[in-house]
Number of protein chains: 2
Amino acid sequence: MAFELTKEYVEKLALAAENRDTETVRTDLSELFAADISVVLKELDGPQAHYVLTQLDTEKGAEVLAEYEPDDRRELLRYFDSGEIARYVNILDSDDAVDLLKEQPIRIREEVIALVEDREQARFILDLLPYEPDTAGGLMQKELVRINVRQTVTECVEEIRRQAQDVEKVYTVYVIDDDETLLGIVSLKDIILAKRGSRIEQVYNQDVIYASTYDPAENVAELMRRYDLDALPVVNVQKRLLGQITIDDVVDVITEQAQEDIAAITGVSEEVEEDDSVWKITRSRLPWLGIGMIGSLMAAKFLGIFEHDLLLMVPALALFIPIIGSTGGNVGIQSSSFMVQILSDKSGISGGELWPRMLKILSVSVLKGLLIAVFVFLVTFLLLAHPLKLAMVVSISLLGVVLLSSFTGTVTPILLDRFGVNPSVASGPFITTANDFLGYSVYFGIADLLYHL
Amino acid sequence: MAFELTKEYVEKLALAAENRDTETVRTDLSELFAADISVVLKELDGPQAHYVLTQLDTEKGAEVLAEYEPDDRRELLRYFDSGEIARYVNILDSDDAVDLLKEQPIRIREEVIALVEDREQARFILDLLPYEPDTAGGLMQKELVRINVRQTVTECVEEIRRQAQDVEKVYTVYVIDDDETLLGIVSLKDIILAKRGSRIEQVYNQDVIYASTYDPAENVAELMRRYDLDALPVVNVQKRLLGQITIDDVVDVITEQAQEDIAAITGVSEEVEEDDSVWKITRSRLPWLGIGMIGSLMAAKFLGIFEHDLLLMVPALALFIPIIGSTGGNVGIQSSSFMVQILSDKSGISGGELWPRMLKILSVSVLKGLLIAVFVFLVTFLLLAHPLKLAMVVSISLLGVVLLSSFTGTVTPILLDRFGVNPSVASGPFITTANDFLGYSVYFGIADLLYHL
């Protein structure tokens, strides 16, 4: 069902753009949805994409621009003059218009706003510009349908007819009083079902969930997910209705959050895509690898202390360096991802009872550590036939490593979260490397102790 | 704005439930949304939760059940008899009803279906039961508003009035012909804006995106995300309209997918929550740790080959075991997560051009490997003052390890994807352990070669 992009299609379109062949361009794109056109245009070079986009009617062109990724859009719009951009900004939803303008240099941004024909739209944009992108204010659009509580359902339908021209999708009608205070909502379905003569007062729903402009985007996403909302009104401190957030924007927030978490865990520092340059892709991975390198080189320096002593006396100690390293890493990742899950789940009992929770996490790690230690002791001593002393050093160290990595894996996400850093970073290479290092210290510490008894 | 659950609140409610104090229970819960009541009930024991739920009116009770996690719901419903369950199933949306019934033992499932009063609902449920949960068929609900293309807008409004009683949220009206073939859609907004006398034919939109019953859930999510849809119609091979999928269900799919990916990467095999038992939490982590253990013990066995030879001759070789292990792991995770991202992005050019893509991935790894090798050579030889030969062994091995782990990290997700396994698993402990092992082989292989020249 989804549109499939082929190389032939792109080549044909690129050729038509080069030849300024309006007819072919229009016919080729007429059947496509805006989201698909944006995918096609990404395959063309800047001047070609500029030509193609200007051949579409302005409304469709604006839709296409709304579908672009920020980086690609900034790149594309370098080929447009301020007047052209203003024509699209004029009819975009105000939230999309602001996103687009925030990507532009300030000079161009101001030129474009001055050129926007619809003065209400320009006012909307100026209202929205100050909000931080990752807050409810940064996600909201000004377009919405509102109705005064003292009106009737018949008047409401008229009002919807009048206002709905500017609103792309009408999910809900917001009920306000004379001061524009949000009182409640009434769904389109309720309006259609209501008797024509009834008053809004009689049919509207006062149980309304709303966000404040400064609420973080992730809380907005959680609210809309938990209460299955299609649209969420945004109010200021006086509960005055300022805008609404629609579910499609929040779906994007949820998707991006998940990608960020995975990038943090897998240690990719910069967002890259397949068609980025070899150097950009390589660069995005170097910082984390570099941290890993430096950590491991420090470990090498540290282990060097034992090179002419323990390692010469018991070379077999080297054989278990891998198991110490990987156990520390794996246990740390598991503990931290569990903690991240707990931190992100805001539906449970809030605060309180820190000690019982910590005790439980401790029990899990003791149990896990004992099981691992006993298993590895048996394999090392009985199956691999290493001396008793070595088997003891390895298994006692593993118990220590499990306890230690569980501790760091649990505490680090809490600290990161408190300092406003994405706690998923705690599952990334930085903490893993630190855990490895801790593990080797425990291992050689215990070996030193037992072999010099 | 969101509801905050406190311990005092739960204790008060539990006491009221014990004392069969209907008045307090009803007053306490009257202001809460269904999603919040489900959070409260999870804190009570089974019989208490059963009592509280039966004190709510059936409609609210059904909403609360729809908000439950599958495991918790199965646990809770053990305290309900089939007649009680049937009353809720009777009014749930058909997709939620089927989810609930699929969690029940077959005997109870059949009893409940037989007891459902609304025979249309029972038929809906029997229609939906056969579909796999992770497909469009498994996500869809039968409730929707449809209108014949030959009717007028006025008739459509009447039809919506009639049908909307059963449909919780009306997003879109589906336009069909006499054979129930899906022809297009018309939004509630369009209906409100249309002139009363117009015919559906004149106002409906033929560009409709739809899914087939067997489409995988992740494709459905991608379609709805890409085209910003609130509802997606589901058809059979003859394009007959069978049901619809609403955005709130898809938001849950996206959230769950992200959690699954992260669980796969961090090696947690079974979904656990904070309030699960110590044993269950421990158990969920053991399979992956076990694989790590066995891999590392095999590595120990393998390294044992060099214990009385290379390691005795050059004990310093042991110092760089950590850097070999962690580099293999980190590079493998980065490559595989990049590949997973490419595999999940279905919007780009499909198929074709395998070789240029592979060449690019190869270039990135060669560049990455060379940078790392040169850096580590300089640090080892100049800063840590190790012999030239050792520095060469370490840096050549690192180049080999980077190339090898990039290769496995790239190929494994493709193979897993082809065999229908979640490719994110490739970033998990299994592949990491395999990469470690490969890395040690390369390291000692090269050392063996250079030191026995």
Side-chain angles (χ1 to χ4, degrees), chain A residues 4-5 7 33 35 39 160-161 164 170 188-189 192-193 223 225-228 247-248 251 254 258 265-266 268 274 278 281-282 285 289 292 296-297 299-300 303-304 307 311-312 315-316 318-323 325-326 330 333-334 337 342 347 349-350 352 363-364 367-368 379 427 429 436, chain B residues 2 4-5 7 33 35 39 160-161 164 170 188-189 192-193 225-228 247-248 251 254 258 265-266 268 274 278 281-282 285 289 292 296-297 299-300 303-304 307 311-312 315-316 318-323 325-326 330 333-334 337 342 347 349-350 352 363-364 367-368 379 427 429 436:
Chain A
E4 290 269 344
L5 181 58
K7 217 182 149 192
F33 292 95
V39 174
I160 294 172
R161 283 231 175 96
V170 180
L188 282 200
K189 179 185 147 186
I192 290 182
L193 291 181
L223 269 185
R225 200 187 62 71
R226 199 194 310 175
Y227 297 110
D228 293 342
I247 183 72
D248 48 330
V251 168
I254 294 175
I265 294 174
T266 55
V268 178
E274 203 194 355
V278 169
I281 296 177
T282 308
R285 304 182 182 182
L289 285 181
S296 303
L297 287 170
L303 295 181
E307 182 186 344
L311 274 172
L312 211 56
L319 315 185
F320 296 95
I321 291 179
I323 205 169
S326 69
N330 288 348
I333 287 179
Q334 290 187 340
S337 61
I342 292 174
S347 67
I349 290 191
S350 60
S363 316
V364 170
L367 185 57
K368 205 155 68 172
V379 173
S427 307
D436 286 3
Chain B
E4 289 270 345
L5 181 58
K7 218 182 149 192
F33 291 95
V39 174
I160 294 172
R161 284 231 174 96
V170 180
L188 283 200
K189 178 184 149 189
I192 289 181
L193 292 181
R225 199 187 62 71
R226 197 190 315 170
Y227 298 109
D228 293 342
I247 184 71
D248 49 331
V251 169
I254 294 175
I265 294 174
T266 55
V268 179
E274 202 192 357
V278 169
I281 296 177
T282 308
R285 303 181 183 183
L289 285 181
S296 304
L297 287 170
L303 295 181
E307 181 186 345
L311 276 171
L312 210 57
L319 316 185
F320 296 95
I321 292 180
I323 205 169
S326 69
N330 288 350
I333 287 179
Q334 290 186 340
S337 61
I342 292 174
S347 67
I349 291 192
S350 59
S363 318
V364 171
L367 186 56
K368 203 155 69 171
V379 173
S427 307
D436 286 3

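FYI, side chains are in, hydrogens and waters are out, and symmetry mates aren't considered; it's all heavy atoms of this structure. The model shown is predicted, which means the values in this text are computed figures rather than measured ones. Quick note on labels: first sequence line is chain A, next is B, and so on, each numbered from 1.
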Structural part of [X] lying under 4.5 Å from a heavy atom of chain A:
X: B:L312; answer: both
X: B:I254; answer: side chain
X: B:V364; answer: both
X: B:D228; answer: both
X: B:S326; answer: side chain

**Asked** Highest number of heavy-atom pairs under 4.5 Å with chain A: which of B:I160, B:D436, B:L367?
**Response**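 The candidate making the most pairs under 4.5 Å is B:L367.
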
**Asked** So which of B:P322, B:A318, B:A299, B:G304 has the biggest tally of heavy-atom pairs under 4.5 Å with chain A?
**Response**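 Top option by heavy-atom pairs under 4.5 Å: B:P322.
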
**Asked** Mind checking whether B:L319 and A:L311 have side chains closer than 4.5 Å, heavy atoms only?
**Response**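 Yes - at least one pair of side-chain heavy atoms lies under 4.5 Å apart.
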
**Request:** State, to 0.1 Å, how close B:P315 and A:E307 come at their nearest heavy-atom pair, and which atoms those are.
**Result:**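 The answer is CB-O, 3.8 Å.
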
**Residue selection (most heavy-atom pairs with chain B, distance under 4.5 Å) from A:I323, A:I247, A:V251, A:L188** =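 Greatest number of close heavy-atom pairs with chain B: A:I323.
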
